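Have a look at the structure below before the remarks.
Keep in mind that this is a model prediction, so the values were computed, not measured.
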Amino acid sequence: MSHTKTIKNLIVVGGPTGSGKTDLAIKIAQKFGAPILSADSRQFYRGMAIGTAQPDPAQLAAAEHHFIACREVDDDYTCGDYERDALALLDGIFTTRDTAVAVGGSGLYINALCEGMDDLPDADPELRARMEEQWHAGGSGQILARLQQLDPEFYDKVDRANPRRVIRALEVCIKSGAPYSTLRNAAPKERPFRTMKLAPDMPREELYGRIDRRVEGMMAAGLEAEARALYPRRALNALQTVGYRELFDHFDGSTTLTEAVESIKRNTRRYAKRQMTWFGRDPRMQWFAADRPQDALDAVEAFILSETKN
RNA sequence: GGUGCCAUAGCUCAGUUGGUAGAGCAACGGACUGAAAAUCCGUGUGUCCCUAGUUCGAUUCUUGGUGGCACCA
């Protein structure tokens with residue numbers, strides 16, 4: 001009495017911040033009885049509910065949510081951890097259900113989940129800190145020379161002005177004993193599910209208006225107090241986040257509250273632009289008019305009913 | 001009402017001894033495989049308020065407007 005194995009579906013909702021991803025994801029989840037996984041590198045953290053626009057209690061009650069407020073701000077959590085944890089969670093979900101939704105603005109995390117990361121060594125915080133310090137003390141030339149020696153191929157194509165790229169590459173070379181470029185193949189990994197990627201689309205001007213209003217709403221909801229509570233731990237990676245850094249500067253006394261709020265709006269717009277660049281280059285991303293969620297729902301239904309492998 | 005000052009990029013302003021202009025911020029484009037709401041790279045987008053003169057040539061000088069600011073009435 002065995003039946004054909006059902007195809008499993010992961011519906012990915014990406015797109016810029018403030019475009020209505022959360023609401024669209026809930027609509028999809030409700031229509032298809034699917035749980036939601038956050039793919040947002042900042043909504044993972046407790047204590048950052050307002051500033052990262054985590055789903056509110058009503059939204060949390062409207063669908064099954066995962067990866068929201070599940071880590072402490074002093075946890076080091078990376079896209080590699082996320083790939084592992086999300087795949088494990090989906091394994092369980094797909095034993096009883098056919099469809100899940102992943103929603104978030106962190107393009108790298110979505111890639112990790114859908115296509116996978118190459119098998120590379122983890123970060124070495126001590127090594128990193130040392131190289132970072134050297135870089136900023138004027139020693140970037142030596143770091144670059146070392147990379148050129150250990151991985152000339154990557155040295156040629158890396159953005160040499162970007163310490164993150166250069167230091168990470170060198171870190172991998174040192175820890176693995178092999179050139180970084182030989183460890184990367186960027187081949188999409190096999191997944192036990194097929195994926196559909198969609199994102200809400202709207203005129204730039206409208207998105208910026210929504211961002212401004214959302215920032216005002218965050219302030220009204222108590223963002224300042226939320227940031228104040230995290231101020232002592234401002235150096236943590238989790239707090240290198242739009243909405244907090246600007247308020248920390250204000251707490252330092254270097255800006256007025258009004259200036260801080262304007263900065264948050266501006267930096268959120270810049271963040272949205274970077275997200276649009278990232279998602280815009282993904283050929284599989286389908287953009288739907290944000291004010292026509294039914295179009296997206298119809299497309300998701302057609303995808304789920306289709307027999308296409310991917 | 002009179003006098004003076006100002007009018008140049010989305011904003012604040014610089015500048016051209018007459019040869020159609022450039023800074024900051026904003027904005028825009030891009031990169032990005034274990035920090036990714038991070039990190040980094042690139043781009044000037046302009047009836048130089050309008051009008052009529054002078055001139056080979058006016059954003060620049062002159063006339064007259066318009067708008068703004070200040071002071072005097």
Hey, does A:N185 reach any base, or is it just sugar-phosphate, or nothing, if we go heavy atoms under 4.0 Å? base

Taking only the C1' atom of each, what is the distance from B:C48 to B:U20 in whole angstrom? 9 Å

Would you call the rings of A:F154 and A:Y180 parallel, tilted or perpendicular, where under 30° means parallel and over 60° means perpendicular? perpendicular

At 4.0 Å (heavy atoms only), tell me whether A:R269 reaches a base, stays on the sugar-phosphate, or touches nothing. sugar-phosphate

Would you say a side-chain N or O of A:T78 is under 4.0 Å from OP1 or OP2 of B:A35? no

A:V103 reachable from A:L60 in the ILVMFWY side-chain graph, under 4.5 Å edges: no

What's A:Y82 touching, base or sugar-phosphate or nothing? Going by heavy atoms closer than 4.0 Å. nothing

Nearest 0.5 Å please: distance from the OH atom of A:Y271 over to the CD1 atom of A:I264. 15.0 Å

N or O in side chain of A:Y77 less than 4.0 angstrom from B:G34 OP1/OP2: no

Please determine whether a side-chain nitrogen or oxygen atom of A:R84 lies at a distance below 4.0 Å from atom OP1 or OP2 of B:G34. no

Do the charged groups of A:R191 and A:E83 touch, with an N to O distance under 4.0 Å? yes

Rounded interatomic separation in angstrom, taking NZ from A:K175 and P from B:G34: 13 Å

Provide the distance between the two P atoms, one in B:A9 and one in B:U3, to the nearest whole Å. 29 Å

Pairing partner (Watson-Crick or G-U wobble, both distances under 3.5 angstrom) of B:U54: none

Using a 4.0 Å heavy-atom cut-off, does A:Y180 contact any base of the nucleic acid, only the sugar-phosphate backbone, or nothing at all? sugar-phosphate

When we call it a touch if two heavy atoms are under 4.0 Å apart, what does A:T52 touch: a base, just sugar-phosphate, or nothing? base

Can you tell me if the side-chain N/O atoms of A:R128 get under 4.0 Å from OP1 or OP2 in B:A35? yes

For B:A14, give its Watson-Crick or G-U wobble partner with both distances under 3.5 Å, or none. none

Determine the contact category for A:G105: base if any of its heavy atoms lies under 4.0 Å from a base atom, sugar-phosphate if only primed atoms, P, OP1 or OP2 are that close, otherwise nothing. sugar-phosphate

What interatomic distance, in whole Å, is found between P of B:A70 and the corresponding atom of B:C28? 35 Å

In whole angstrom, give me the gap between the C1' atoms of B:G24 and B:G64. 36 Å

I need the CH2-C1' distance between A:W135 and B:U39, as an integer number of Å. 11 Å

To the nearest 0.5 Å, what is the distance between CG (A:D295) and CG (A:D201)? 12.0 Å

Using a strict threshold of under 4.0 Å (side-chain N to carboxylate O), is an ion pair present between A:R130 and A:E133? no

C1' atoms of B:C71 and B:C13, separation to the nearest Å: 24 Å

Checking all strands, does A:Y208 fall into the base, sugar-phosphate, or nothing category for heavy-atom contacts under 4.0 angstrom? sugar-phosphate

Any side-chain donor-acceptor pair under 3.5 Å between A:D151 and A:S181? yes

Using Watson-Crick geometry (N1-N3 plus N6-O4 or O6-N4) or G-U wobble (N1-O2, O6-N3), each under 3.5 Å, B:A27 is paired with B:U43

Side chain of A:D118, base of B:U33: donor and acceptor closer than 3.5 Å? yes

Taken to the nearest whole Å, CE/A:M117 to P/B:A36 is 11 Å

If you measure from the P atom in B:A23 to the same atom in B:G68, how many Å do you get, rounded? 33 Å

Whole angstrom value for the distance that separates P of B:U33 from CD of A:E153: 14 Å

Write down the distance between CG (A:L239) and P (B:A38), rounded to a whole number of angstrom. 12 Å

Looking only at B:A26, B:G29, B:A38, the nucleotide nearest the A:R270 side chain is B:A26

A:Y244 near the nucleic acid: base, sugar-phosphate alone, or nothing, with a heavy-atom cut-off under 4.0 Å? nothing

Could you give the distance separating B:G65 and B:G2 at their P atoms, to the nearest angstrom? 10 Å

So what's B:C48 paired with, Watson-Crick or G-U wobble, going by both distances under 3.5 Å? none

Base, sugar-phosphate, or nothing for A:S106, non-hydrogen atoms under 4.0 angstrom? sugar-phosphate

Taking the same atom, C1', in B:U66 and in B:A27, what whole-Å distance lies between them? 30 Å

Let me spell it out: for each of A:Y271 and A:R266, pick the nucleotide of RNA chain B with the closest heavy atom. Which residue's pick is nearer the 5' end? A:R266

For A:D282 and B:A31, give me the distance from atom CG to atom P, rounded to whole Å. 12 Å

What nucleotide among B:G30, B:G34, B:U39 has an atom nearest to a side-chain atom of A:R164? B:U39

Would you mind building the protein contact string for nucleotides 40-45 of chain B? One character per nucleotide, 5' to 3', B for base within reach (heavy atoms under 4.0 Å), S for sugar-phosphate only, - for untouched. BS----

Just name whichever nucleotide pairs with B:C5, Watson-Crick or G-U, keeping both distances under 3.5 Å, else none. B:G68

Rounded to the nearest 0.5 Å, the CZ atom of A:F248 sits from the CG atom of A:L230 at a distance of 5.5 Å

Roughly how far apart are A:F193 CZ and A:D98 CG, rounded to 0.5 Å? 13.5 Å

Measuring to OP1 and OP2 of B:G29, would you say a side-chain N or O of A:K273 lies under 4.0 angstrom away? yes

Counting the atoms with a prime plus P, OP1 and OP2 as sugar-phosphate, which does A:D76 contact under 4.0 Å by heavy atoms, base, sugar-phosphate, or nothing? nothing

Pick base, sugar-phosphate or nothing for A:R204, based on heavy-atom distances below 4.0 Å to the nucleic acid. sugar-phosphate

Comparing A:M218 and A:E171 on RNA chain B - which has the more 5′ nearest nucleotide: A:E171

Let me know the distance between CD of A:Q275 and P of B:U39, rounded to the nearest Å. 15 Å

Going by a 90° cut-off around 0, is B:G34 syn or anti? syn

Going by atom types alone, do A:R214 and A:T268 pair a side-chain donor with an acceptor below 3.5 Å? no

Quick one: look up who B:U20 pairs with, Watson-Crick or G-U, both distances under 3.5 Å, and put none if it's unpaired. none

Rounded to whole Å, CG of A:D75 lies from C1' of B:G34 at a distance of 15 Å

Do the ring centers of A:Y82 and A:F67 come within less than 6.0 Å of each other? yes

Taking side chain as C-beta onward, heavy atoms only, is A:M202 less than 4.5 Å from A:S19? yes

